Amino acid sequence: MPLSRRGFLTATAAGTGATLLGGVASAAPARAADEFDVLRQRWRSLVLGAGFDAAAEPFRGRLAGLGADAADLRRSMAPAAGSLWPDLVYADPEPDTDAESFTHSAAVTGSLQRLVTMAHAWAQPGTGLTGDAALLTAVTTGLDHLHTQVYRAGQARYGNWWHWQIGAPRALFDLCAILGDRLPADLVAGLVAAVDHFVPDSAVATYTGTSTGANRVDLCRSIAFTGVVGRDAARLALARDALSPVFPHVTTGDGFYRDGSFIQHGWVPYTGTYGNELLGGLAVLFALLAGSSWAVTDPNRRLFLDSVERSYAPVLFNGLMMDGVSGRGISRGAAPGDPARARDDDHVRGHAVIANIALLAQGAPPAEAARWKGMVKGWAARDAYAPLLSDPRLGVAALARCREILDDPAVAATAEPTGHRLFAAMDRAVHRRPGWAAMVSMSSARIAFYEHGNGENLRGWHTGAGMLCWWGADFGNGQYSDAFWPTVDPYRLPGVTVSRKALADAAGGAWGADKPNAVWVGGTTDGEFAAVGQDTRGLHSTLTARKSWFLLDDAVICLGGGVACSDGTAVESVYDNRNLGASGTHALTVDGTVQPVAHPWSATFPAPRWAHLAGFGGYVFLDDRAVVFRREERTGRWRDINTGGSTTAITRRYLALYRHHGTDPVSGGYAYLVMPGATAAATAARADAPWATVLANGPDRQGVAVPSLGVTAVNFFAAGSAGGVTASAPASVLVRERGDGTAVVCVADPRRSATTIDVTWARAVGSVVSRDPTVTVTGTGASLALRVNAAGSAGAAHRLVVRL
């Protein structure tokens, strides 16, 4: 085929005679570069990376692997009617099922992505195929084949819209950037016309449907492709301007909320996956368009830049992205064919976010860039479980950006922060203490039980039923990474209260359509400690329960009351369920006695006082109820929870602690605390000298007092009193007496329905030090009385500081 002389990766204005394409010289004639040329060259640099030593690790091994993959793909490529590779059939004349149609549309994107891999091997140095003419011909032939047969203007869309509007254009942009003028002009023009066809201006005309949040950013990226490659200033301006609805905070639906929450698909917490797509897309577009006639200058972009520390950083810990904000992405694990290299888990998702923050830092204001680089270096330094630079899912360009930061002696690694973040808008709470972190995942009338779709996350039914995940600074960082999701008992997720009623795979509506009929979900926090609660309802179940978590200094106090169900099945509250790995024999000690390590093993202790699991931490039981301890080996496959997953059997060992409420309980309960990282001696000491007092634990109110911390906290599911605190309406109240003679009082309305809440605290108060404008003090002296104007506060805390 004749090659194009369009020169969209041509010589610079300096007039050099050739442009290096990853070590491959272009034969394009020299001419002054216009603005479109600059953007094409910039995009190519973003795709391929720059400034790395191809002979040094991790690049040498990665590039060699890239060459081997490309060689395999070239050997197996077999252009035929309806496919480019035999295992990726995209022909879809009359699909038998929606699933078949989806598979066919996915094959279009999958085929293009394989061509991208081959193009990288041709352009990058050190692959063994650098500049290989036969490989270039294969890529060009394959691209022409796909364009002629399926991805062309006039083609009717089928299957999943995403592949036509986002997946395929993204791959095409990379291919055109990498191959440049090695592609025939007529083919490039045809590809631009195809993207114009599938992603017309109307795709971003309104901020609704599939054109919101992360999807909107990706659509803008697709439009930018036709603007840059098609030399179309109007399309570039549209791509830039259509980003603007993404930046402002939202109060419903998709996007960023004022409290840092990120929602996609209307009611699914999605910072870790869709949020990362949005982050990466904006980082790329900011970098691509910076300094050009189409630079993104909307002043609201500042709100997005603030999200790095408000939305992303709080849910990253030691390099991993907490699963509670990754939706159905938790089920992706390993795909067929190459499970080890295709692995997807919380660390892999975390690394992707970190790499995108590194990219965003390149064009950020100096102060932000310095902070973000320090955060990147800190996360990478602490991720001993899955080192960032060894992540097979990160491309060479991302590795190069991260490596530059890690090797820069001027960048100081930032430590993990401490404190509490309550993301009320997405029913998530994140607690950070020195040496550990935890997340509580809940659901409500606003937030879905869970999301399944596209055959993914088929058994995530109870992930929003109060799942409590925790990690240590140097322990438990692989707890949910090591094949947890395909092997764990989906009815025994840590922290949940559930009915054992059998649920079908993908029970409930797709895309998170099912939400519990419950509104009391949330809590309050002073920024360090928190009271969090959930009016819990079962998915396709009659289960009801009230659950609370009091997240404090070195422990989480967990209370449950009013547990009731009439499903005719057993009901359990799971204190914890630890993944011990493939062969773990972690010692379990209960009340000073070491228990058997054999698998399987189980025992019911009628009224244990404490337990300790070596390598993880301790548990103290605050009531006289029986606790079941169970060791078991469980075998599963990623295909069990994701129709696109690997069929390879995986076995992991677990140790579960749970309360068996019996069949059809009418008023069950539990009370215990978790001490992440505690020694057996510290756990026993906590049990011997009671640290916390349970003030109430029923369906109407749950509360605790911890005198050593000056804490009194009560979740009022109905108006009432406990521990000297009274609330006139459902509310969450946290009181914290401090060593300087002051106390902080925090009040929130998790129901988001109260106009005012009157709160009294039976404690002598001398004066008011400070208060939020929404708080009115109606009495001091022998006790404190206050009125909170909660209208429109969206579950946020109202704060008052008094002198005792």
Side-chain angles (χ1 to χ4, degrees), residues 440 442-444 449 462 464-468 491-501 516-521 523 531-550 556-576 604-609 619-628 656-674 692-705 713-723 725-727 729-733 750-751:
V440 181
M442 301 167 286
S443 54
S444 67
F449 283 108
H462 301 305
M467 186 172 181
L468 173 63
Y491 298 91
R492 287 196 181 127
L493 302 179
V496 304
T497 296
V498 300
S499 166
R500 296 288 300 188
K501 177 183 177 180
N517 183 25
V519 293
W520 204 119
V521 177
V532 176
Q534 177 181 22
D535 180 2
T536 307
R537 311 293 175 88
L539 173 66
H540 289 188
S541 166
T542 61
L543 173 81
T544 60
R546 299 290 168 80
K547 296 169 67 69
S548 290
W549 299 264
F550 300 95
V556 181
I557 302 174
C558 307
L559 302 184
V563 179
C565 189
S566 58
D567 289 347
T569 57
V571 174
E572 295 175 354
S573 290
V574 184
Y575 295 2
D576 208 348
T604 300
F605 291 77
R609 296 173 53 250
Y619 310 84
V620 177
F621 307 105
L622 304 177
D623 55 21
D624 294 328
R625 294 182 170 97
V627 179
V628 180
L657 300 73
Y658 56 94
R659 164 72 177 150
H660 183 61
H661 297 291
T663 299
D664 292 345
V666 295
S667 187
Y670 61 83
Y672 66 99
L673 63 83
V674 181
T693 300
V694 176
L695 302 173
N697 188 19
D700 294 333
R701 57 195 182 279
Q702 295 172 334
V704 298
V714 185
N715 286 329
F716 293 98
F717 294 96
S721 299
V725 178
T726 300
S732 180
V733 181
R751 291 170 54 91

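Values in this document were obtained by computation on a predicted structure and should not be read as measured data. All residue numbers in this chain count up from 1 along the given sequence. Hydrogens, waters and symmetry mates play no part in the numbers below; they use all other heavy atoms, side chains included.
- Applying the side chain to side chain donor-acceptor pair (under 3.5 Å) criterion to Asn697, with sequence neighbours excluded, gives Gln702.
- Of the possible polar contacts, one joining the Thr542 side chain to the Ser566 backbone as a donor-acceptor pair under 3.5 Å is found.
- Annotation: side chain to side chain donor-acceptor pair (under 3.5 Å) contacts of Asp623 (sequence neighbours excluded): Arg625.
- Once rounded to the nearest 0.5 Å, the distance linking CG of Asn517 with OG1 of Thr544 reads 11.5 Å.
- Residues Leu559 and Phe550 are in side-chain contact: their nearest non-hydrogen atoms beyond the backbone lie under 4.5 Å apart.
- In this structure, the side chains of Leu543 and Val563 come closer than 4.5 Å at one or more pairs of heavy atoms.
- Under the rule for a ring-ring contact (aromatic ring centres under 6.0 Å, His included), the partners of Phe605 that lie at least two apart in sequence or sit in another chain are Phe629.
- The heavy-atom pair separating Gly523 from Pro750 by the smallest distance is N-CG, 3.8 Å.
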How far apart are the C-alpha atoms of Phe717 and Ser548, what are their side-chain angles, what is the distance that settles it, and do they pass the side-chain contact (heavy atoms from CB on, under 4.5 Å) test?
CA-CA 10 Å; Phe717 294 96; Ser548 290; 4.1 Å; yes
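- Counting all heavy atoms, side chain and backbone alike, Leu539 lies closest to Phe449 at CD1-CD1, 3.6 Å.
- Contact of the Val627 side chain with the Tyr619 side chain is not registered, since no non-hydrogen atoms from C-beta on lie closer than 4.5 Å.
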Between Tyr672 and Leu657, does a side-chain contact (heavy atoms from CB on, under 4.5 Å) hold up when you go through it step by step?
CA-CA 11 Å; Tyr672 66 99; Leu657 300 73; over 6 Å; no
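- The side chain to side chain donor-acceptor pair (under 3.5 Å) check on Arg546 picks up Asp535, with sequence neighbours excluded.
- Taking each heavy atom of Ser443 and Gln534 in turn, the nearest pair found is N-NE2, 3.3 Å.
- Residues Gly568 and Asp664 share a closest heavy-atom pair of N-OD1, 2.7 Å.
- Checking Arg659, Lys501, Arg492 one by one against Glu572, the salt bridge (charged side-chain N to carboxylate O under 4.0 Å, His left out) holds for a single residue, Arg492.
- Shown here are the ring-ring contact (aromatic ring centres under 6.0 Å, His included) partners of His661, two or more places apart in sequence or in another chain: there are none.
- With contacts defined as side-chain heavy-atom distances shorter than 4.5 Å, the pair Phe716/Pro730 does not qualify.
- For Ser721 against Thr726, the heavy-atom pair with the smallest separation is OG-OG1, 2.6 Å.
- Checked by atom type and distance alone, the side chain of Lys547 never pairs as donor or acceptor with a backbone atom of Ala465 at under 3.5 Å.
- Of the inter-residue distances, the one linking Thr604 atom OG1 with Tyr658 atom OH reads 7.0 Å to the nearest 0.5 angstrom.
- Across all non-hydrogen atoms, the minimal contact from Ser499 to Val571 is CA-CG2, 4.2 Å.
- Here the straight-line distance linking atom OG1 of Thr536 with atom CH2 of Trp520 works out to 10.5 Å at 0.5 Å rounding.
- Remark: Ser732 pairs with Asn715 by the side chain to side chain donor-acceptor pair (under 3.5 Å) rule, at least two apart or across chains.
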